[in-house]
Amino acid sequence: ERCTLSLRSGRNDPLEPGEEFLSDHKRRVQTYTGVVAWFCALKLELYASCVLSYSDVFGVFEWGAGGILHMHLLGWRFPG
């Protein structure tokens, strides 16, 4: 987070309405949504391939209300 602020000359974006009541952790998750999505994708891919033994997976992300990440996952086991 310090590196990001240093690249932006210490500038913070203004808060959205209602964000002043959020915890720092929740605000950070909503600010760095790409990092959260990547980490969740990595965890789910490892779970699907190692635990569920899927040979191939297809997943679609969607963001729910309040910044909650959901993933719909289709998995295939080969042979048939």
Asker: Using the test side-chain contact (heavy atoms from CB on, under 4.5 Å), find all partners of H70 that sit at least two apart in sequence or belong to another chain.
Answerer: E62, I68
Asker: Please write out which residues are connected to L22 in a hydrophobic cluster, directly or through intermediates, given that two of Ile, Leu, Val, Met, Phe, Trp, Tyr count as joined at side-chain heavy-atom separations below 4.5 angstrom.
Answerer: none
Asker: Holding to side-chain contact (heavy atoms from CB on, under 4.5 Å), I want the full list of residues that pass it with F61, two or more places apart in sequence or in another chain.
Answerer: A41, L69, M71
Asker: Other than L46, which residues form its hydrophobic cluster under the rule that side-chain heavy atoms must be closer than 4.5 Å?
Answerer: W38, F39, L42
Asker: Check residues 50-58 and write down every donor-acceptor pair under 3.5 Å in which the side-chain atom is one partner and the other belongs to a residue at least two apart or another chain.
Answerer:
unit_1	atom_1	unit_2	atom_2	d
S55	OG	F78	N	3.4

